[in-house]
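Handing you this structure, nothing more for now.
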Amino acid sequence: MRVRREKLSQLYDLGANPYPYGFDRSHSAHEILADHEQLLGKQVSVAGRLMSIRGHGKVGFGHIMDTSGRIQIYVRKDELPELDFSVFKLSDIGDIVGVTGEVFITRTGETTVKAAKFELLSKTLRPLPVVKERGEGDERVVYDQFADKELRYRQRYVDLVVNPEVRNVFVVRSRVVSYMRQFLDDLGFLEVETPVLQPIYGGASARPFVTHHNTLDMPLYLRVADELYLKRLIVGGFDGVYEISKDFRNEGMDRFHNPEFTMMEVYVAYQDYTYMMELVENLVSSIAQKIFGKTELIYQGTEIDLTPPWPRLPLFQAIEERVGINLYGKNLADLKKIASDLGLKVEPFWREGKLIDEIFSEKVEPFLIQPTFITDYPVELSPLAKRHRDDPKLVERFEPFMMGGEIGNAFSELNDPIDQRDRFLAQKKLLELGDDEAQMLDEDYLRALEYGMPPTGGLGIGIDRLVMLFADQPSIRDVIFFPQMRPEKPTE
RNA sequence: GAGGGUAUAGCUCAGCCGGUAGAGCAGCGGCCUUUUAAGCCGUGGGCCGAAGGUUCGAUUCCUUCUACCCUCACCA
């Protein structure tokens with residue numbers, strides 16, 4: 001770094017401005033490579049980060065990288081102003097530069113810009129980890145990777161510069177969200193925003209983050225879900241609303257969980273959960289269609305076929321197929337015995353719903369690789385879902401599973417205010433029993449339901465997990481720019 | 001929370017059975033007017049994660065701590 005600062009003052013001495021105000025680009029690197037036949041001999045301007053330098057005395061080569069890709073540049077002492085050549089000589093890998101000159105093809109056949117002007121656009125003071133590559137495609141060997149995962153997550157800006165495939169993950173992420181938005185807009189749904197800071201949290205079983213508002217002198221919770229506010233908007237008369245936003249859950253972190261994560265929730269009046277199933281499979285498969293041009297993809301070496309319709313499998317049937325026991329109607333003692341016979345560590349305070357859920361997550365979920373809707377959950381697991389039309393012990397709920405994990409949650413929304421109050425009261429009991437994830441009773445939400453909510457289908461989809469699928473990434477940290485980390489130790 | 005792993009140069013890593021460190025790349029200086037992991041010559045660079053212990057002597061063995069990674073648990 002000291003050396004770079006010296007170079008900086010040398011640049012000032014030469015009369016060069018290491019931090020100018022702009023640069024007019026005529027082409028991106030990719031455009032020049034793609035159009036090189038038309039552009040041969042023509043003047044172009046490109047700008048980007050200098051990723052390699054090969055000096056040869058009075059000549060030099062280098063590659064500059066912009067968002068679109070890399071292009072080689074060629075600098076000859078006798079073909080550009082003396083100042084520019086001196087500036088080139090003082091350049092380091094990582095510097096941001098602009099080059100103007102004509103396109104030609106080198107002896108070795110690479111399309112290259114021969115500099116008539118070489119301008120420094122921003123001098124770097126920290127050395128960039130240098131990645132060198134040799135070969136193409138499968139033969140490609142990368143040297144000196146910026147490989148330390150911790151550093152890559154902490155200094156994502158460096159990761160993005162040095163590891164181009166990382167940038168692509170986030171391009172995919174952006175496209176997934178944008179196609180999703182387009183899909184929902186095309187259905188005529190309204191994108192809305194609801195409070196992140198909530199006096200009462202609800203809509204999911206999860207521990208919240210708590211904060212405090214000074215003026216009102218009251219605790220506020222960061223939302224764990226958007227659900228209850230979006231349904232208030234359905235009460236208010238919108239036929240379809242959706243929100244794409246961050247939710248916050250004060251829970252553990254692993255490759256499927258980050259304390260803040262992105263959720264899409266959509267609510268549609270006059271529809272039920274069967275409509276939402278079709279919506280999910282059409283939404284996901286159409287995103288695949290737009291990204292890959294087909295509805296199959298490879299995730300971590302396994303082919304996943306997203307072509308609708310996806311199988312619908314009732315929860316109890318799914319368990320029975322895997323475990324060989326039908327858990328429906330079993331009492332608490334039976335369930336405990338079955339669970340421990342299956343090798344699960346049973347906690348004494350678990351109730352029927354929790355036991356069924358545990359058996360399912362342990363024995364069935366990991367095997368749900370291909371997209372599958374698991375349907376019809378026990379009522380005690382789902383305080384906001386409407387009872388099943390054929391069986392009051394179940395609710396009309398489904399979760400889409402794939403890659404051995406859940407990517408969403410949906411139901412026919414409970415709009416009976418009296419039943420809803422009873423469910424809240426049951427949750428309250430759980431809360432008192434020590435279940436710190438049980439939901440709070442929300443009087444205002446009940447009041448909204450008492451004003452009448454139409455039959456409604458609702459759905460939440462975990463965007464991060466969907467992006468993991470589409471970008472073929474093994475961890476949620478790989479699809480979040482700045483995943484949560486412990487604070488850095490104050491060094492330096 | 002439990003178990004395992006890792007921590008050595010800017011980066012990636014080597015360093016056996018204890019004798020205070022090495023490679024490639026990057027850096028710096030030089031030569032080189034079509035190179036592409038450019039080449040050639042030269043050169044600087046390390047509190048071997050922290051603290052303690054064993055020992056004549058610790059990067060190496062032991063303990064503790066810290067950070068990160070992985071697996072499990074928790075968390076749908």
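What's counted below: heavy atoms across the whole structure, side chains too, no hydrogens, waters or symmetry copies. Numbered from 1 within each chain, the chains take letters A, B, ... in sequence-line order.
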* Structure fact -> Checking B:U33, B:G27, B:C75 against the side chain of A:Ile93 (C-beta onward), the nearest is B:G27
* Structure fact -> The answer to which of A:Ser382 and A:Gly57 contacts RNA chain B further toward the 5' end, by nearest nucleotide, is A:Gly57
* In whole angstrom, give me the gap between the C1' atoms of B:G46 and B:C72. => 38 Å
* Parallel, tilted or perpendicular: ring planes of A:His388 versus A:Tyr273, cut at 30 and 60 degrees -> perpendicular
* Asked: Is it true that a side-chain atom of A:Thr112 and a backbone atom of A:Glu110 form a donor plus acceptor pair closer than 3.5 Å?
  -> yes
* Structure fact -> For RNA chain B, the expected dot-bracket line (Watson-Crick or G-U under 3.5 Å, [ ] crossing, | inter-strand) is (((((((..((((.....[..)))).(((((.......))))).....(((((..]....))))))))))))....
* Is A:Arg477 near enough to B:C69 that one of its side-chain N or O atoms lies under 4.0 angstrom from OP1 or OP2? -> yes
* A:Met253 side chain reached by A:Ile476 side chain, heavy atoms, under 4.5 Å -> no
* **Phosphate-side-chain proximity, A:Lys114 and B:U34, N/O vs OP1/OP2 below 4.0 Å** => no
* Asked: Across the strands shown, which category fits A:Ala204 at heavy-atom distances under 4.0 angstrom: base, sugar-phosphate, nothing?
  -> nothing
* In terms of the angle between their ring planes, are A:Tyr74 and A:Phe104 parallel, tilted or perpendicular, with boundaries placed at 30° and 60°? -> tilted
* Is A:Leu128 touching bases, backbone alone, or none of the nucleic acid, heavy atoms closer than 4.0 Å? -> nothing
* Atom NZ of A:Lys58 and atom P of B:U34: how far apart are they, to the nearest Å? -> 12 Å
* Structure fact -> Residues at least two apart in sequence or cross-chain that pass side-chain hydrogen bond (donor to acceptor under 3.5 Å, both in side chains) with A:Thr302, listed by chain then number, are none
* **Residues within residues 354-361 of chain A bordering RNA chain B, heavy-atom distance below 4.0 Å** => A:Lys354, A:Asp357, A:Glu358
* Report the distance from atom CD1 of A:Ile53 to atom C1' of B:C28, rounded to the nearest whole Å. => 14 Å
* Asked: Between B:U66 and B:U59, how far is it from one P atom to the other, in whole Å?
  -> 23 Å
* **side chain to side chain contact (heavy atoms under 4.5 Å, CB included) evaluation trace for A:Glu281 with A:Phe373** => CA-CA 9 Å; A:Glu281 59 196 11; A:Phe373 292 122; 3.3 Å; yes
* **Partner residues of A:His30 under the ring pair (Phe, Tyr, Trp, His ring centres under 6.0 Å) criterion, sequence neighbours left out** => none
* A:Arg107 side chain N/O closer than 4.0 Å to the phosphate oxygens (OP1, OP2) of B:U35? -> yes
* Would you mind reading off the distance between A:Arg255 atom CZ and B:C75 atom C1', rounded to a whole angstrom? => 14 Å
* Check every strand shown and say whether A:Glu365 touches a base, only sugar-phosphate, or nothing at a heavy-atom separation below 4.0 Å. => nothing
* Closest to side chain of A:Arg154, choosing from B:C74, B:C28, B:A67 -> B:A67
* So what does A:Arg152 touch, heavy atoms closer than 4.0 Å: a base, only the sugar-phosphate, or nothing? -> nothing
* Taking atom C1' in both B:G42 and B:G4, what distance in whole Å separates the two? -> 47 Å
* Asked: With a cut-off of under 6.0 Å to the ring centre and 45° to the axis, is A:Arg322 in cation-pi contact with A:Phe367?
  -> yes
* Asked: Distance between the C1' atoms of B:A37 and B:A21, in whole angstroms?
  -> 26 Å
* So what does A:Gly60 hit on the nucleic acid, given a heavy-atom distance under 4.0 Å: a base, only sugar-phosphate, or nothing? -> nothing
* **Nearest-angstrom distance from the residue atom CG of A:Asn258 to C1' of B:C75** => 13 Å
* With sugar-phosphate meaning primed atoms plus P, OP1 and OP2, does A:Glu79 contact a base, only sugar-phosphate, or nothing at under 4.0 Å between heavy atoms? -> nothing
* Separation of the C1' atoms in B:G15 and B:U8, to the nearest angstrom -> 9 Å
* To do: Identify, between A:Ser52 and A:Phe104, the residue whose nearest nucleotide on RNA chain B lies closer to the 5' end.
  => A:Phe104
* Asked: Would you call A:Lys123-A:Asp92 a salt bridge at under 4.0 Å N-O?
  -> yes
* To do: Output the single nucleotide from B:C75, B:C28, B:C11 whose closest atom is nearest the side chain of A:Leu151.
  => B:C11
* What about A:Asn250: does its side chain form a donor-acceptor pair under 3.5 Å with the base of B:C75? -> no
* Worked verdict on A:Leu394 versus A:Val379 for side chain to side chain contact (heavy atoms under 4.5 Å, CB included) -> CA-CA 5 Å; A:Leu394 301 178; A:Val379 65; over 6 Å; no
* Within less than 4.0 Å of OP1 or OP2 of B:A38, is there a side-chain N or O belonging to A:Arg54? -> yes
* Got a donor-acceptor pair under 3.5 Å from the side chain of A:Glu110 to the base of B:U34? -> no
* Determine which pairs satisfy salt bridge (Lys or Arg N to Asp or Glu O under 4.0 Å) with at least one residue from residues 464-484 of chain A, sequence neighbours left out, and list them in order. => A:Arg173-A:Asp464
* A:Phe209 CZ to B:C75 P: how many Å, rounded? -> 16 Å
For a quick test of your reading: what N or O donor-acceptor pairs under 3.5 Å do the side chains of residues 352-360 of chain A make, sequence neighbours left out?
{"unit_1": "A:Lys354", "atom_1": "NZ", "unit_2": "A:Glu358", "atom_2": "OE2", "d": "3.2"}

* Asked: Taking the same atom, C1', in B:C48 and in B:C31, what whole-Å distance lies between them?
  -> 37 Å
* Between B:C17 and B:C74, how far is it from one C1' atom to the other, in whole Å? -> 44 Å
